[in-house]
Amino acid sequence: MLASPKIQLGLKVLKGPIITKSRYEVKTESAEVEELVTKFLDRFFLLAASSVLEAIEWGYSTHEFIYDYDIGTKDLNLVDIQRYKPTDIALKTSVQTKEVVGMHVKPLKIDIMRPKSFHFVHNKNYNRYHGLSGLYGSFLPWVEEWAIGGLQDIKKLWFAKNAYSSGILYYPSGSSVINGVTYQNDVVAQQIANKMATGHIITIRLEESSKVDVASGEVNSRWYFEKGDVNQVPGGLMEAIETSKMDQLEGMGVLTEVIQSGGEGFGSSTGRSIPVDIFFATIQEILNNLLWAADRQFVLPCLQMAMKTKADQLPPYEIKSIPLNQELVIDENGEVVESDDAAGDMARGEEAKEAKKIQDDPNVKKAQAKGQAKNPGNRGQEKVAV
């Protein structure tokens, strides 16, 4: 199922915004905690997020995190990850809380415990340990297209058997002499037919008894080839395949309009118009769960090791996910603020920077000072038209 191009496209559409557009805010009164948490999360999204999100197709993902000291610091940080196939893993849980505390890698016969193990679940409400694949809703339309005897098989069979007729080669009874060797005409005709392919040329020698009308092209010959015709694709076949592909995407939660259009609103030949907010809302939940798992399984243990303290003694902090559909810009005071027109605000900000640069130019200031010295009476006064 994962080999299907449409399934791969749908997975990229779901994961892409999470990996590239995700932003978060760390709320805490401790500047040290804010700096460390931000550094850990940045490293997580750089190295691990893309692989961890395979939980979308598998239902859950299992990884081993590899740590080392950051250059020039004494802080342990993520430097690499080792992915393990979910079916090769047996999860280890706490007897008291039933929470996952590690995993057993069956092929290697080793245990990997927190904080080296990382376990992420998609659709946790179905199963807290193994979740539910995001491809669950796509399975039936995928089978309709790719199963034996499905739409793709029908298409290949039709194009192989019925795309065109090869034509008919008429031959006389008897035999022909070719390069001094006598061949039966039926054998020669069959060999010619077997070797026919698109673009091939057939030559037929005209005997004295043969007649050719040059004006009309009519041939009266003992050997004659009647060319084949291209058949029309049966109505509804290609449409059914395209419908099945769209059903697979929508079964994953990817709206058809997301693939076919873009901009402020998604719209297509389906007649529906889908706001961008609806699409981002479908993947915002995945991002929220990913941040929660990253905090509990990765950031919190790393923070404890970096600050050499227990979890209950750490300064309180909160990681807040910024909505994916929210545009942010930096204002003139250096603050990150929301914007309804990010591109326009950025352009206006650049214009303001250029204007301020001109105002601060020493030559401009000198020219303004000279102008004020020549007309001291006009300072602070307005000209009134009479």
Side-chain angles (χ1 to χ4, degrees), residues 1-21 50 53-61 86 121-127 130-166 198 228-287 289 324-325:
M1 190 173 183
L2 290 175
S4 169
K6 215 65 175 180
I7 295 295
Q8 285 294 321
L9 173 62
L11 290 173
K12 286 181 173 62
V13 170
L14 288 175
K15 297 178 183 180
I18 296 175
I19 298 170
T20 61
K21 292 179 64 69
S50 179
L53 283 174
E54 74 167 0
I56 295 177
E57 57 261 35
W58 286 89
Y60 67 104
S61 63
V121 181
H122 179 63
N123 281 330
K124 198 172 185 177
N125 52 313
Y126 285 91
N127 187 293
H130 303 114
L132 181 71
S133 171
L135 307 182
Y136 179 80
S138 304
F139 183 70
L140 290 180
W142 177 84
V143 168
E144 179 185 46
E145 181 184 2
W146 291 103
I148 297 175
L151 292 171
Q152 290 291 346
D153 271 3
I154 293 172
K155 183 186 75 171
K156 287 185 289 186
L157 180 64
W158 189 91
F159 277 104
K161 297 290 186 180
N162 303 305
Y164 63 91
S165 59
S166 300
T198 301
D229 294 324
V230 177
N231 297 325
Q232 296 296 321
V233 179
L237 174 59
M238 305 308 293
E239 290 79 0
I241 294 176
E242 190 62 24
T243 299
S244 177
K245 291 180 183 295
M246 293 301 105
D247 288 345
Q248 292 171 48
L249 288 175
E250 296 203 349
M252 300 170 62
V254 179
L255 300 172
T256 303
E257 288 74 12
V258 175
I259 302 300
Q260 295 180 342
S261 184
E264 294 184 357
F266 296 121
S268 70
S269 56
T270 61
R272 298 184 298 181
S273 180
I274 310 294
V276 177
D277 292 352
I278 294 180
F279 168 62
F280 283 131
T282 61
I283 57 177
Q284 184 68 46
E285 182 182 2
I286 301 175
L287 173 58
N289 292 335
L324 289 167
N325 62 335

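Since we're looking at a predicted model, the values are computed, not measured.
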Problem set entry | CH2-OG distance between W146 and S4, expressed to the nearest 0.5 angstrom | 6.0 Å
Problem set entry | Distance, nearest 0.5 Å, that separates OH of Y60 from NE2 of H130 | 4.5 Å
For this session: Compare every heavy atom of P86 with every heavy atom of E54, then report the nearest pair and how far apart it is.
Result: OE2-CD, 4.2 Å
Problem set entry | D247 versus P141, closest heavy-atom pair with distance | CB-CB, 3.6 Å
Exercise. Q248 and side-chain contact (heavy atoms from CB on, under 4.5 Å): which partner among M1, E144, E145?
Worked result: E145
Problem set entry | Sidechain-backbone polar pair: Q284 side chain, L324 backbone, donor-acceptor under 3.5 Å | yes
Problem set entry | pair L135-L2: side-chain heavy atoms closer than 4.5 Å | yes
Exercise. Can you tell me how far the CG atom of L157 sits from the CG atom of D153, to the nearest 0.5 Å?
Worked result: 8.0 Å
For this session: Could I get the full list of side chain to side chain donor-acceptor pair (under 3.5 Å) partners for K155, not counting sequence neighbours?
Result: Q152
Seminar exercise, completed: Output for pair (L132 CG, N127 CG), nearest 0.5 Å, gives 9.0 Å
For this session: Could you tell me which non-hydrogen atom of P17 sits nearest to which non-hydrogen atom of I283, and how far apart they are?
Result: CB-CD1, 3.6 Å
Problem set entry | Contact summary for T20 and G16, nearest pair of heavy atoms | OG1-O, 2.7 Å
Problem set entry | Check: Y126 main-chain N/O paired with N123 side-chain donor or acceptor under 3.5 Å | no
For this session: Please report the closest heavy-atom contact between K21 and F280, naming both atoms and the distance.
Result: CE-CZ, 3.9 Å
Exercise. Do any N or O atoms from the side chain of T243 and from the backbone of E239 form a donor-acceptor pair under 3.5 angstrom?
Worked result: yes
For this session: Decide if atom CD of E285 counts as having more than 12 heavy atoms of other residues, nucleotides or ligands within a radius under 6.0 Å.
Result: no
Problem set entry | Side chain to side chain, L53 and I286, heavy atoms closer than 4.5 Å | yes
For this session: Would you list the pairs meeting salt bridge (Lys or Arg N to Asp or Glu O under 4.0 Å) in which at least one residue belongs to residues 2-18, sequence neighbours left out?
Result: K15-E57
Problem set entry | Close side-chain approach of I7 and M252, heavy atoms under 4.5 Å | yes
